[in-house]
Amino acid sequence: MKRLLCLFGGFALGLNIVAQRDLTQYVDPFIGTAGHGHTHPAAVVPHGMVQPGPDTRCNGWDACSGYHYSDRTVNGFTQTRLSGTGCGDMADFLLLPYTGQLELGAKGNKLDPTPYASPFSHADEVAAPGYYATTLQRYDVRAEMTATQRTALYRFTYPAANDCHLLLDLYYHNQEQWIYDVRYRQVDSHTLCAYRRSQGWAQNQPTAVYLEFSKPFEMLVVTDSVQESRHLFERTRLLLHFNTAGERTVMVRLGLSYVDEAGARANLYAEQPAGFNFEGVRAEAVKRWNEVLSKVEITKVGAAAADSTLQIFYTALYHAALAPTVFSDVDGRYLGMDGLAKQADPHADAQYTVFSLWDTHRALHPLVSILNPEMNVRYIKSLMRKGEEFGVVPKWELTGNETACMIGYHYTSLLADMVSKGYTEGFDLRKAYRQAVRCAEYDTTGISRNLPRWKMEEVMPEALRWKCEEGIIPCDKTNESVAKALEYAYNDWCIAEVARVVGDAAGEKKYRKLADAYRHYFDPATHFMRGRTANGGWREPFCPTSSDHRMDDYTEGNAWQWTWFVPHDPDGLCKLFGGRRTMLAKLDSLFVAPSVLTGDNVSPDISGLIGQYAHGNEPSHSTIFLYSYLGQPRKTQALADSILRTLYTTGPEGLSGNEDCGQMSAWYILNALGFYQFCPGRPEYVLSRPLFAEAILHLSNGKNFTIRTRSNSPHAKYVKTAYLNGKRLKQPFFTHAQLEQGGELLIEMEE
C-alpha cells in the first residue's frame, strides 16, 4: 500500500546535558522485580554465565528469577538464574552465611521459604551493575557479591569472629527440578569443589563449581531424603565452619562450568588471577557495563523526558545485555546439545545459551544489529552449532537443552534480519540457510536421541506437517493453531528472503507461497484471525476476548491481539480487510475496546492493556506501527508516547509484563530513541516518538548516528518533519543502510 506521511508544530526544549561519566549510576536492577516482570537484582556482568544474587522463593510463576520484591525473607544466594522469563530453572549451589545453629528442617520437607531463611530489609539492600549487598537479619551477617563472566566473588562480614559458618546447599533449586548425581570434594583446608546434575525445564543440566575461601574451614556433611513428584531424592547440604582467628570477614570466590570441575577451576583462576580482590573485580564489572551502556549516549535530555527517563532508559539497556549468556569455558569447552562435552577454539567466539527467540527476535536482536552486530553473528554461529549437535536449530535453548518452549522457528528471523542488513561474514551462509529450511519442514529423523519421546511433539509439532502438506493447520487437531500458522507464515517469508540472497529460486518460490498462508485464517465476516477446522469451517463458538492459556487457538493472547501479526505483508492484510478505511476502523477499535478478558483460564501473560492491545506480552509489540503503514503515523506516535510514559516506570513495578530476556526493554530503547523495526528481515525503521533532545548511537563501524529533536515536549508528541543528513524524509521510514552510514536524524515535533 502507499505509505503516507502526515504533516508533522513546536515547543521550546529544556536541555539537560548528560556528561560522559559512570552510566551505571542510572541503572536500577530492582526495576521489574515486582509484579510479573520476573527480573532480578543479582550481581552480573554483560552476558555473564554466573549471576550471584539473592533467592527469596523457589516455587510459583513469580519465582522464575529466584527473587520477588514482595518477599521479606531470603533463602541464600545462588549462582545462576534467568531474567524475565515465564519459566523457572537454575538456582545452582546456594550459599548462606550464618551464625549459631542452622535450622535445616525436618526430614523430607521441602519448604518455600526454607527453614533457614533469614528476614532482610529493602532498606539494607544495594543493587547496582556488578554488585549486590544485603544484611541477613537472622544472622546479623552483611553479604556482598560481585562477578566476572564465569566467576563470582562474595564478601561476608559476620558479627563475631568466633561464630562464622556457611551453608552450601547442593539440593536447593528453582521450581520442580530433580537433582541427580551430586558430588563434592574438599580439596584442601581452603578449597572445595562440587558437581550436580539437574532435570527441570532444561532436561539435562550438569553444573560444576570450584570454591576457594579466604579462611580455612572444617566441613560437616548433612544428608537426608526428600519426596518429590513420587520420587525419593537424597538431599545434601555442606556446613562449613571457619577458623577466622579474630577476622570477621570471610571471602568466597568461585568458578562455574557446565562441563566439569576442571573447567570451573580454570575459569576461576583465569578470571580472578589476583585472588580475593573484591574491589578490583567490582570495578572491572562497572567498566564492562559502561562499555555497553555508552553505546548510546544521551547528550541532551530535553523537556520531553521526565526526571526518571534516564533511569528507565539505561536500566532497559542493562536488561537488554543480560542474555543470551556465555556458555563455554575459558578453554573453549562447552556442553553440546547431544549431552557431550565439545571443544571449540578458545580464541574464537564464545558459545552462548538462553535463546528466548520467540521473544527476542522482535526487538532485542534488531537492537543488537545496530549497537553490536558482531554479537548477532556470534549468536547465529552458536545456534548453528546447536543445530548440528541436536539435529535441528532449537526454538528455546537453555544450557545445551531444547526446552521446545513457545512456537515458531525464529532462528529464521534472526538470520534473515542479519542477511538483509549485509552481515553475512563469519558464518557459512548456505549452511545457515539449509538449517533454516530444516526448521520449517516436518522431519523427526536425526534429532538427538537424548530427547524424551514425549517432547518430540513440541520440538517437531505435527502442525508443521499440516502446514506443509495440507496448507491449513486444523484447530480441531492441535492447540494454538492460529498463532502457529501466523508465525510459520512470517518465518517462511524470512526463509524466502534468505533463499533470494543465496540464489535458491525454487526455495524462494516455495517459501513465498507458504508465507501467504496467513490468509486462510482471516474471517471477512468478523475481521479476526480465527481457527479453521479440518473440514474447512470456522471454530465455533467464537469470542475475540476469550483466552484459555495455551489451550485455545492462540498463544498467550486472544483474537484481538493476534489478528495483526502479519509483519511481512501489511499490504496483504489490508486487502483482506477490504481496504485501508476498514482496517483503520478495526485497528482503532483494538485500542478502545473494553479491557475485559473472558474464559476460565485466561493467560496471565495478557497484561499492560490499552483496550485489547496487550503490551505486556510480545505478540502485540509491532501492532501500533501498522498505523504508519496505513498513512496515519500520528496514531503510532501517540500510542508510543502513552506506552513509553505509562507502561515503563521506575521502581519494582516498572514493567507491565515479563521482561523476557531483554525484549520488553529493547522495545523501550528503540522507541525512546525515536524509531522501531516493524518487520525483522526487512531492514527498515518506522519513526516513533523520541523522548530525548539529543542521543548519539556509537556504531561498531566507528561512525556515529545522532538523533536530535526540536520543539520536543511532553505535549509535542507528534513528528512534524524529519530530516536525514539534511534531506527531508517524505515518509516516516528510513533504512538500516542509512543508519549505519552515520550522520544525523533531525526530528521536529509538534502538538
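Because the structure is predicted, anything quoted here is derived from the model rather than measured.
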Inset, instruction - Anything under 30° is parallel, anything over 60° is perpendicular, the rest tilted; go ahead and classify Tyr131 against Phe278. - result: perpendicular

Legend entry - Pairing of Glu618 and Arg362 as salt bridge, 4.0 angstrom limit: no

Legend entry - Check: Ile312 main-chain N/O paired with Thr315 side-chain donor or acceptor under 3.5 Å: no

Inset, instruction - Look at the aromatic rings of Tyr648 and His615 and report parallel, tilted or perpendicular, splitting at 30° and 60°. - result: perpendicular

Legend entry - Carboxylate-amine/guanidinium contact Asp169 Arg235, below 4.0 Å: no

Inset, instruction - Could you tell me which non-hydrogen atom of Glu402 sits nearest to which non-hydrogen atom of Met337, and how far apart they are? - result: N-CE, 3.7 Å

Legend entry - Presence of salt bridge, Arg81 and Asp92, under 4.0 angstrom: no

Legend entry - Neighbour count >12 (heavy atoms, 6.0 Å) for atom OH, Tyr184: no

Inset, instruction - Verify, without hydrogens or angle tests, whether Ser656 (side chain) and Gly608 (backbone) share a donor-acceptor contact under 3.5 angstrom. - result: no

Inset, instruction - Answer yes if the ring centres of Trp61 and His38 are under 6.0 angstrom apart, and no otherwise. - result: yes

Legend entry - Ion pair Arg57/Asp71, N-O distance below 4.0 Å: yes

Inset, instruction - Assess Arg142 against Phe156: is NZ or CZ under 6.0 Å from the centre of the six-membered ring, and within 45 degrees of the ring's axis? - result: no

Inset, instruction - Answer yes if the side chains of Asn617 and Glu556 hold a donor-acceptor pair under 3.5 Å, and no otherwise. - result: yes

Inset, instruction - Check the side chains of Asp55 and Thr78 for a donor-acceptor pair under 3.5 angstrom, ignoring hydrogens and angles. - result: yes

Legend entry - Closest non-hydrogen atom pair, Tyr69 against His122: O-NE2, 2.8 Å

Inset, instruction - Flag the pair Tyr379 / Phe355 as yes when their ring centroid distance falls below 6.0 Å, and as no otherwise. - result: yes

Inset, instruction - Give a yes or no on whether the backbone of Lys455 and the side-chain of Glu458 come within a donor-acceptor separation of less than 3.5 Å. - result: no

Legend entry - Euclidean distance, Leu256 CG relative to Met49 CE, rounded to 0.5 Å: 6.0 Å

Inset, instruction - Please answer whether the main-chain N or O of Phe77 pairs with a side-chain N or O of Gln79 as donor and acceptor at a distance below 3.5 Å. - result: yes

Legend entry - Side-chain ion pair, Arg288 and Glu291, N-O less than 4.0 Å: no

Inset, instruction - Over 60° means perpendicular and under 30° means parallel, so classify the ring planes of Tyr67 and Phe120, tilted if in between. - result: tilted

Legend entry - Identified ring pair (Phe, Tyr, Trp, His ring centres under 6.0 Å) counterpart of Trp396 within the set Tyr411, Tyr409, Trp358, Trp201: Trp201

Inset, instruction - Let me know which of Glu144, Glu125, His40 forms a side chain to side chain donor-acceptor pair (under 3.5 Å) with Tyr132. - result: Glu125

Legend entry - Between Tyr180 and Phe233, ring centroids under 6.0 Å: yes

Legend entry - Residue pair Glu487 / His410, side-chain donor-acceptor N/O under 3.5 Å: yes

Legend entry - Arg155 bridged to Glu279 by N-O distance under 4.0 Å: yes

Legend entry - Residue pair Thr360 / His365, side-chain donor-acceptor N/O under 3.5 Å: yes

Legend entry - Cationic N near anionic O, under 4.0 Å, Asp181 to Arg196: no

Legend entry - Sub-6.0 Å ring centroid separation between Tyr334 and Tyr258: no

Inset, instruction - Give a yes or no answer on whether the side chain of Arg138 reaches the backbone of Ala117 with a donor-acceptor pair at less than 3.5 Å. - result: yes

Inset, instruction - Run through Phe313, Trp289, Tyr668 and flag the one making a ring pair (Phe, Tyr, Trp, His ring centres under 6.0 Å) with Tyr318. - result: Trp289

Legend entry - Donor-acceptor contact present, side-chain Thr39 to main-chain Thr33, <3.5 Å: yes

